[in-house]
Amino acid sequence: MHTLARRKLASHSALFHHQRSLATTSGSGVGKISARELKYLRPPSRQYSSLLSSSSNRTRARSLRSGQTLFRQIHARAISYSSIPRIVARAFRVPIAGATVGAGGLTYANYKYEELKQKSQDWINTARDTAADALDTASEGLKSLSAAASAVKLPSFEAPEFIKGLFSASEGSEDGGNSGSRSSSGKPGGEDAAIAALVAATMSSPSDSDRSSTDLRQNGLMHLTRKLIEIRTMLLSIDQSDSLKLPSIVVVGSQSSGKSSVLEAIVGQEFLPKGNNMVTRRPIELTLIHTPDAKEEYGEFPALGLGKITDFASIQRTLTDLNLAVPADEAVSNDPIDLRIYSSRVPDLTLIDLPGYIQIASMDQPDSLKEKIALLCEKYIREPNIILAVCAADVDLANSPALRASRKVDPLGLRTIGVVTKMDLVPAEQGAIILSGNKYPLHLGYVGVVSKAPGKAHWRESATVVAQRAETDFFKANREFFTDASSSSSGTGLMVGTDMLRRRLMDVLESSMASSLHGITNAVQLELEEAQYQFKVQYNDRRISAESYVAETMDALKAQFKEFTARLGKPQIRAKLKEMLDERVMGVLEQLYWSDKRAAELGALGADSRVKPEDVEPYWRYKLEAASSLLTKSGVGRDSTLLVVDGLRALIDSIAAREPFTFHPGAAERLIEFSHAILRDRIGVTSDSVETCIKPYKYEVEVDEREWEQGRTQAVDLFERELKLCEEKLTDIRKRIGGSRRLSSLIGYVKKLEEEELERRQRRLAGVEKDGQTLDEATERREVDDYRYPPGQVLDARHAMKYNERSNILKLRLAALRSKRCKAGPNQNILCPEAFLNVVAEKLAYTSAMFINIELLDQFFYQFPREIDSRLLYDLDRKEIVAFARQNPAIRKHLDLQERKDKLEEVMKQLNSLSTLRKDTAPTPRRNRGLFSNMF
């Protein structure tokens, strides 16, 4: 029996130690031990302990003879079987009881709170529904009811007394019993905090924590989506190829499917063009940008530069004009319209609205319109874009052009969202079946909307507000059929409403963008490396800007002008004027001397060495004074000024015809325009100044020995050049006619004709007949004889006679200029008028060049560079500067490569920064979803 008792005691002790070890290792899990298990943790009963005690005493008496070893064994057994159970029982009694009661209390409190919360939430929802229904009749009442509904708070919950007692007992146990018994009225210092923590933990449900985490995640996703849209815009500005493209949402549907109404419901404004015929003829790339701090909504057309447009009716008119600008024979155009809308009510999205599908073209539309629209839509719905297939609920989905087109490029429906409009036109049960997607399943599902209100909107309300209210009323009235997926605890409800469509589009867009980012990052990296390599090889990493190119071009223009102006000094201007006056001298000599019948007499006087200048007749003195005056009064001031002005104009025209102005026709035209304007302003002043300064030479010209010799030498040179030109002309005529002999016969014939002409002229005056013939018969016979030589050769013979006559005179006058009389000095000016007139021409050229330089050249050289700065450089705005620089093909290529490299670097920087945002907006592990779950 003793042996049996010892065995039972050993088994109880082993079980007790095992349960104690489990309780110690499980920590807070003690409260989970059942009552049935607790009985095994109790110490043995008193009778059983006494039995063990007497038995052990008898055993100890018998074993005294065994020595000290047996005594030690008996003593160890006494401690193990008697002291340990009592210590363990006292140590675990209070914690176990407290944990058990606490668990039960917490369960009961949580149950009561859930019940109270559900009732309160139902009451608040009822109040809010009532306020929403009152919106149609009294807007002011709506505001007060909403304020009252929002002001309702859940009643405060106070922890039961047994929970307070539980915490009091627990705290007393933790204090180790030193404080003794406490009064119920005096709470310890930490009791309030413990109760508050318990109430907070009880009052906060898991749905509240999920909602707060969802809001934080939603804010993070909005920021990330905006970053992705910015990256997409930058990629589109870099390259239009599919290799560098983030997905967009492409809206497709037939013309009557409600496509425009869906987009306006998402934006909350009426802005799309409307009309009886097909109005949307160009793709509209709509970028929605969420601006929470914006005071007003506005739109922008970046390509048009119209600035902020707050009136959405103006946006609608602009879109209508841009679409109707497409010719009727083309009907549709591939050129997109870029529109950006900033609002606090829109999400960050990129939408592309396309022309609606048609079944058959009308009479005023081209026959190929249906194919053109299909090809345009097919171009945009390719990967990686998301397809928003808009279908009407009252039309069978099998007949939907949008779904048929999406099936061609997305057979599995992995990137297609179905939007079923006009849900109020079919029974609610049928609409729910359509949204379930069992017949035509889509991976991204269907969203049902009511895009238009059943009646006309009130004049104070917009159509979008009325449509949204009608949509809300419709789905609330059919709540048993349309369980919102966002409010369904299982998440298996249907997606209905414009708000759900917005959230769905945001989620799908950010998910699609995130899945595309890995490939985009690699493609951008490759493009960036290629651009950096080309920029290094072609331009040695030398950066330029449009402003620097314009400045360098203007500097080069000024340098070229300065180089050309070095060729327009006083010597050059004087030489040009002298050439002009030499021709005038030859004209004056021919007019006053060579055509005079007494010209031979002047030559004879010059050859006679016995004749002195003072003995010459006054006739020749007056001739000399008339020749000098005629030369001076021949408009030297005006002609010399115009000669220099024409030279400057030719200079500017030559500069404008060179590079780089060959690439800038507008700038070259402006350059010529203002340079000519400057010259026109100075012509009159300069001409008057020159004429005033040369007036003294009309009456008196003083000539010294040096000037006379120089004038005589220049006259000899001038006559020699003139004689050489005459001989060259005679040589050309001989060659053209056929030799000197034929020329001589032609000259003889021409002289005979001239004699006969003179004779006929005399007879015509007298009216006398010749040889019995009237004057008309003789004239007719002479006209027949004229055909012996071609008229051209007769004309050449007449010219040859003039050149011969001119050559003979030049030879005679050259002999006179080279004679000793002309070399004697200026006192021989009467007998050597050629030398004297040459001296006068030199003086006129010198004086004219001096005043032209002062009045014209100095002013032009000073003003022209400043006009370049004011009219070509400072007058240009930023757009004109960029347009000017890009007109040069080499500069445009340099700027394009540099801009491409910079944009790729910025895109790569933005992509790298997304890794940081990914960490900040990473979702909880329980949901296991988020923006960048599939990115890297």
Side-chain angles (χ1 to χ4, degrees), residues 242 245-267 272-274 278-288 319 323 326 331-337 339 349-361 368-422 434-435 437 440-449 451 495 498 501-502 504-505 508-509 512:
D242 295 337
K245 183 182 291 185
L246 281 172
S248 302
I249 300 174
V250 181
V251 185
V252 293
S254 61
Q255 288 189 4
S256 60
S257 60
K259 189 162 51 68
S260 300
S261 300
V262 170
L263 291 175
E264 290 179 344
I266 294 174
V267 176
L272 291 175
K274 295 180 176 61
M278 189 181 73
V279 182
T280 304
R281 302 181 180 182
R282 295 171 58 183
I284 302 176
E285 295 185 356
L286 178 61
T287 303
L288 305 182
L319 287 175
N323 280 280
V326 179
V332 293
S333 172
N334 295 333
D335 186 18
I337 302 173
L339 172 61
L349 289 175
T350 54
L351 303 166
I352 301 177
D353 184 24
L354 298 175
Y357 290 102
I358 62 172
Q359 298 299 326
I360 188 172
S368 60
L369 179 59
K370 181 178 179 180
E371 289 75 13
K372 285 185 176 180
I373 295 177
L375 292 175
L376 179 62
C377 294
E378 185 179 355
K379 171 186 174 183
Y380 276 91
I381 62 179
R382 295 173 183 170
E383 288 186 327
N385 288 339
I386 303 163
I387 306 172
L388 191 68
V390 181
C391 317
D394 56 347
V395 178
D396 189 5
L397 295 183
N399 298 324
S400 172
L403 288 179
R404 287 202 304 268
S406 65
R407 286 290 176 91
K408 293 181 180 179
V409 296
D410 184 26
L412 301 180
L414 299 178
R415 51 186 182 90
T416 303
I417 303 176
V419 177
V420 183
T421 61
K422 306 177 184 179
I434 295 174
L435 295 181
Y440 301 98
L442 295 177
H443 181 72
L444 301 179
Y446 290 86
V447 181
V449 296
S451 53
M495 294 184 292
T498 304
L501 177 60
R502 291 194 188 100
R504 185 59 175 163
L505 291 179
V508 172
L509 181 62
S512 179

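In this chain, residues are counted from 1 in sequence order.
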Next item on the list: State whether the side chain of N323 and the backbone N or O of R281 hold a donor-acceptor pair below 3.5 Å, judged by distance alone.
Entry: yes
Check: Can you tell if the side chain of L369 reaches within under 4.5 Å of the side chain of V332, non-hydrogen atoms only?
Finding: yes
Margin query: Nearest 0.5 Å, please: how far is NE2 in H443 from CD1 in I417?
Written below: 10.5 Å
Next item on the list: For the residue pair L505 and V447, establish whether any side-chain heavy-atom pair is separated by less than 4.5 Å.
Entry: no
Item checked: Minimum heavy-atom distance between T350 and P247, given as atom pair plus value -> OG1-O, 4.1 Å
Margin query: If I take atom CG from residue L388 and atom OG from residue S406, how far apart are they, to the nearest 0.5 angstrom?
Written below: 10.5 Å
Check: Taking only residues two or more places apart in sequence or in another chain, which ones pass side-chain hydrogen bond (donor to acceptor under 3.5 Å, both in side chains) with S400?
Finding: none
Item checked: Under the side-chain hydrogen bond (donor to acceptor under 3.5 Å, both in side chains) test, residues paired with T498 that sit two or more places apart -> E471
Notebook entry, point to check: Heavy-atom distance under 4.5 Å between the side chains of V326 and R282, does that happen here?
Noted result: yes
Note to self: What I'd like to find out is whether the side chain of D353 reaches to under 4.5 Å of the side chain of L286, using heavy atoms alone.
What the structure shows: no
Next item on the list: Go through the structure and list residues passing side-chain contact (heavy atoms from CB on, under 4.5 Å) with P441, not counting sequence neighbours.
Entry: none
Notebook entry, point to check: Partners of L442 by side-chain contact (heavy atoms from CB on, under 4.5 Å), sequence neighbours excluded?
Noted result: L403, T416, Y446
Item checked: Spatial distance of atom CD1 (I352) from atom CD1 (I337) [nearest 0.5 Å] -> 12.5 Å
Checklist line | Heavy-atom pair with the smallest gap, counting every atom of A374 and Y357 | finding: CA-CE2, 4.2 Å
Notebook entry, point to check: About how many Å separate CG of L509 and CG of L349, when rounded to the nearest 0.5 Å?
Noted result: 6.0 Å
Item checked: Q255/I358 under side chain to side chain contact (heavy atoms under 4.5 Å, CB included): CA gap, chis, key distance, verdict -> CA-CA 7 Å; Q255 288 189 4; I358 62 172; 2.9 Å; yes
Item checked: Where A389 and A402 come nearest, the two heavy atoms and their spacing -> CB-CB, 3.8 Å
Check: Can any side-chain N or O of R502 pair as donor or acceptor with the backbone N or O of I266 at less than 3.5 Å?
Finding: yes
Notebook entry, point to check: Considering only heavy atoms from C-beta outward, does the side chain of I284 approach that of L263 to under 4.5 Å?
Noted result: no
Check: How many angstroms lie between CD1 in I249 and CZ in R504, if you round to the nearest 0.5 Å?
Finding: 11.0 Å
Item checked: Partners passing side-chain contact (heavy atoms from CB on, under 4.5 Å) against L376 (at least two apart in sequence or in another chain) -> P283, N334, P355, Y380
Margin query: Are I387 and V250 packed together at the side-chain level, in the sense that at least one heavy-atom pair is separated by less than 4.5 angstrom?
Written below: no
Notebook entry, point to check: Which residues pass the side-chain contact (heavy atoms from CB on, under 4.5 Å) test with A392, sequence neighbours left out?
Noted result: D394, V395, T421, K422
Notebook entry, point to check: Is there a side-chain contact between E378 and K408 (heavy atoms, below 4.5 Å)?
Noted result: no
Check: Atom CZ in R382, atom CG in D410: separation rounded to 0.5 Å?
Finding: 14.5 Å
Next item on the list: Compare every heavy atom of P273 with every heavy atom of L319, then report the nearest pair and how far apart it is.
Entry: CB-CD, 3.9 Å
Note to self: Are the side chains of K259 and L272 in contact, using a 4.5 Å heavy-atom criterion?
What the structure shows: no
